[in-house]
Amino acid sequence: MSVENLRIEGSVENVLFRNEINGYIVLDLDAGGELITVVGLLGDIEEGEILLLEGNYETNRKYGTQFHASYCERKLPSTAVNIEKYLASGAIKGIGPGLARKIVNVFGANTLTIMENAPHRLSEVKGISPKMCGEIEAEAKKLFSLRLVTSYLAEYQIKPQYAMKTYRKYGGDSMELIKMNPYILCGDGIDLEFSKADALAEELDIPRNSHKRVIAGLQYILKMYAARGNTCMLVDALIKAAGAILNISEKEFFESYNTAMEDNELFNHVIGEYEFVYLPDYYYAETFIADRIHVLSDFSSPTDFDCEAVIDAEEAEKGIKYEEKQRQAITTAVSRGLMVLTGGPGTGKTTTLNAIISIFEKKGDKVFLAAPTGRAAKRMTDLTGHEAKTIHRILEVVYDSDDRLIFAHNENNPLDCDVIVVDEMSMVDCILFEKLLRALRLGCKIIMVGDFHQLPSVGAGDLLKDMIYSSAVPVVELTEIFRQAQKSCIVTNAHKIVSGEHPDLTKKDNDFFFFRRSDFGQAVELIVDLTKRRLPKAYGYSPTDDIQILTPSRKGAVGTVELNKILQEKLNPPAKAKAEHKGFTYTYRVGDKVMQTRNNYDMVWKKGSEQGAGIFNGDIGKITSINPATQTAVVDFDGRIAVYPFDLLPHLELAYAITVHKSQGCEFEAVIMPVMGVFQKLAYRNLLYTAVTRAKRLLILVGTEDSINKMVDNNKRSRRYTCLRDMLKRKEKEEA
């Protein structure tokens, strides 16, 4: 049952639950003698407040009828009784029930007016010393400032969570700063949509061509391009986009653009006749990477170190004969300050890497192993027998004195290691790599391992490829497919694909299978049957833990959105015992396989007695519980348990089917991939290659030979705009 557009007013009787991060609250409202349970994203509300709410009643089968508030107008309590209740609830730090009673006994219904406008008068209350009076005055100022910001932004349908973020960042000056420049709400740490800040600016009569608006708009456009993988943008493209989105002339563009450059709000890099524009974070990252790589390339081992003898000894100990390229890779790793080790599946990267780790450890060096994702780190651990951690865990996410999340390890607190090996480098974006480089001592050796034929990172940049093609870093590419790997059709077909040859789709007795389907409905039916019945029966695979459907796209009949809805219905259907929450795209249900779709450095997780922060783009987990009362869901990410407020659930997508891009760094026992009706911009070679190499033991393609062959034939890749390669080359020329 649902009644729309109702308005209710009353005083807050009890606060039953609150989420400090997003402002979600459950409370009892006394509306004319009737006690109503209210839920919603209303902010930091206390008992005794008077609320005017808009929303509707909804009936929950477990919690009964609740009023879901979509709008809240807050009024400070005006009666002595409600003011005492308000202060006694802990609204102002330092005031408990006893002191609240004393203050209200002195000032009565005028208490809050005095606390806001003449707080020094609190010293008139017996028991409040001048020092305590000052402390309460400071806390009261915080409270009234936050209330003011929350109420003001609510008038423009801006949620309380943005008010809370603004106050955390700017404190008591928030209101004044917003009115001077509402576009501060688009800044890092607040991240309000530009269109909402723009609407507020229009109400404040800020001109369309003001520097504040144009610079914020340019930064918004550059952020959109960064979300597509670009660290920078051609200035001509930025002019065109700014004209369309901001409705400004080229003259107005350059007036603000030049101001932004002077104030270091934007940066540029010129290559020949082309000018590229950067947001500060990406500019600092790429210039730092180029500088540090240049410095590290000068480090090398003492000339008297006999690498050939050490490798011979390793061969004798392990009973292995390294081929020529492997010996070259081991020698380069041990003798140089940094290197890239690359190669396709079956070429012996793991064997080579294990030799490198063994030699360093025998020298007495402390070796760290790192990977971009939890699954990639686990795979690295399994392959090497040494513990690997995610880069984020190695750097350690902590809070600074301003309550901002930062990495604990940096130039001032470097990592205690002599060698770091980073696997799946194709997945590492430029911002994360910059943070890692800052945390390494100059003498630390860096071994970067990855396959540059894979798709580039989800984050901005094309780091691995830029380093390889800049010639600024020693690179060893392993090309020989070893005999054992030659038995795998997954391996041999992957190498055919990357070389531009069509894969062999005829074999039916190995680990690479093709099912011809041209009808979308029949293809989906087969994918469901393979996942739910045939593969579990034939191989004992778990439909959710071992089998992964990979698709080129989110859209379409065989895109992730539609496939996930169908697979959820078949693999995890609704039941009375399973709690669920209906979101905009998906219904989330206990037992669902889900994936995080963006980095969240704030998300706290627990793993036994260990606690940390950060759930990252591409992390896959399972929903273990959903609680409508607290508006939270609990997700298990391979043992890391995280609690999600409902408003963060859109950051999770069902993961029975995921895109190939999201599968990077992962390896699955069995992969099923529909290859039919692929959108032209996604029908390219290294996307297919990446999908094929995600399969550990079994790969199944469902679709048409024509679609597969067209992907192999198309070696065009969507270009990423980055100047790192040029920066690295310039450093090389400067050295020469």
Side-chain angles (χ1 to χ4, degrees), residues 344-346 349-350 353 369-384 388-393 422-429 432 449-459 464 488 490-491 494 497 511-512 527 531 535 541-554 560 563-564 567 592-599 614-622 635-640 651-674 686-701:
K349 288 200 301 292
T350 301
L353 192 54
L369 306 187
T373 67
R375 285 184 171 246
K378 184 177 183 301
R379 178 169 173 261
M380 194 181 189
T381 299
D382 294 341
L383 291 173
T384 64
K389 295 181 180 180
T390 65
I391 298 172
H392 292 89
R393 285 190 68 192
V422 186
D423 198 12
E424 296 288 354
M425 270 297 296
S426 63
M427 290 183 64
V428 180
D429 62 72
L432 184 58
V449 185
D451 183 349
F452 69 96
H453 293 298
Q454 302 276 2
L455 292 170
S457 58
V458 175
L464 181 60
S488 166
I490 292 174
V491 171
I497 289 167
D511 55 4
F512 189 110
I527 290 168
T531 306
L535 297 188
Y541 289 154
S542 161
T544 53
D545 296 337
D546 299 322
I547 302 169
Q548 184 62 61
I549 290 88
L550 300 183
T551 77
S553 172
R554 296 185 77 252
T560 58
L563 277 176
N564 272 319
L567 288 161
D592 275 336
K593 182 179 181 180
V594 292
M595 172 181 273
Q596 177 76 8
T597 59
R598 64 183 72 180
N599 288 340
I615 300 295
F616 302 106
N617 197 345
D619 285 351
I620 294 177
K622 186 173 288 187
V635 184
D636 182 347
F637 293 95
D638 290 327
R640 291 177 300 144
H651 297 180
L652 293 173
E653 291 185 349
L654 294 182
Y656 302 102
I658 63 176
T659 62
V660 178
H661 285 84
K662 292 290 188 183
S663 74
Q664 291 168 264
C666 298
E667 190 176 59
F668 310 98
E669 292 292 314
V671 167
I672 303 171
M673 181 183 182
N686 70 330
L687 186 138
L688 179 62
Y689 172 75
T690 300
V692 169
T693 55
R694 298 307 90 200
K696 186 177 180 181
R697 301 190 187 280
L698 183 67
L699 178 84
I700 297 175
L701 299 180

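Ring geometry, His392 versus Phe616: the interplanar angle falls under 30°, so the pair is classed parallel (tilted spans 30 to 60°).
Proximity of His661 to Arg554: side-chain heavy atoms (C-beta onward) are nowhere separated by under 4.5 Å. Side-chain contact check for Pro674 versus Ile549: some heavy-atom pair is nearer than 4.5 Å. The side-chain heavy atoms of Thr597 and Leu652, taken from C-beta on, include no pair separated by under 4.5 Å.
Atom CG of Asp423 and atom OG1 of Thr373 lie 9.5 Å apart (nearest 0.5 Å). To the nearest 0.5 angstrom, Lys378 atom NZ is 7.0 Å from Asp638 atom CG. A distance of 4.5 Å separates CE of Met380 from CG of Leu369, quoted to the nearest 0.5 Å. Between the CG atom of Leu687 and the CD1 atom of Ile497 there is a distance of 10.5 Å, given to the nearest 0.5 Å. Here the CD1 atom belonging to Ile490 is positioned 4.0 Å from the CG atom belonging to Asp511, to the nearest 0.5 angstrom. Interatomic distance, Tyr541 OH to Leu535 CG, rounded to the nearest 0.5 Å: 8.0 Å.
When each of Arg598, His651, Gln596, Lys662 is tested with Asn617 by the rule side chain to side chain donor-acceptor pair (under 3.5 Å), just one qualifies, namely Lys662. Results of the side chain to side chain contact (heavy atoms under 4.5 Å, CB included) test with Met673 over Leu688, Ile527, Ile700 single out Leu688 as the only residue that passes.
Contact record, Gly459 with Ser457: O-OG, 2.8 Å, taken as the closest heavy-atom pair. For the residue pair Ile391 and Val428, the shortest heavy atom distance occurs at CD1-CG2, 4.1 Å. The shortest non-hydrogen separation linking Gly618 to Met595 is O-CE, 3.5 Å. Pro345 approaches Val491 most closely through the heavy-atom pair O-CG1, 3.5 Å. Taking every heavy atom of both residues into account, Thr693 and Ala494 meet most closely at CG2-CB, 3.9 Å. Residues Ala377 and Ala371 come closest through the heavy atom pair N-CB, 3.6 Å.
Contacts of Ser553 classified as side-chain contact (heavy atoms from CB on, under 4.5 Å), with partners at least two apart in sequence or in another chain: Lys555, Phe679, Leu682. Residues forming a side-chain contact (heavy atoms from CB on, under 4.5 Å) with Asn564 (at least two apart in sequence, or on another chain): Thr560, Tyr586, Leu654, Tyr656, Ala657. Taking the side-chain contact (heavy atoms from CB on, under 4.5 Å) definition, one finds that Leu383 meets it with Thr350, Arg379, sequence neighbours left out.
Between Asp545 and Lys622 there is a salt bridge, since at least one side-chain N of the basic residue sits less than 4.0 Å from a carboxylate O of the acidic one. Under the 4.0 Å criterion applied to side-chain N and carboxylate O atoms, Arg640 and Asp619 are assigned as salt-bridge partners.
Judged purely by atom type and a 3.5 angstrom limit, Thr381 uses its side chain to pair as donor or acceptor with the backbone of Ala388. With hydrogens and angles disregarded, a donor-acceptor distance shorter than 3.5 Å links the side chain of Thr690 to the backbone of Leu455. A donor-acceptor contact shorter than 3.5 Å is absent between the side chain of Glu424 and the backbone of Cys666.
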| request: Would you please test Arg694 and Gln454 for side chain to side chain contact (heavy atoms under 4.5 Å, CB included) and show each step? | output: CA-CA 10 Å; Arg694 298 307 90 200; Gln454 302 276 2; 2.8 Å; yes
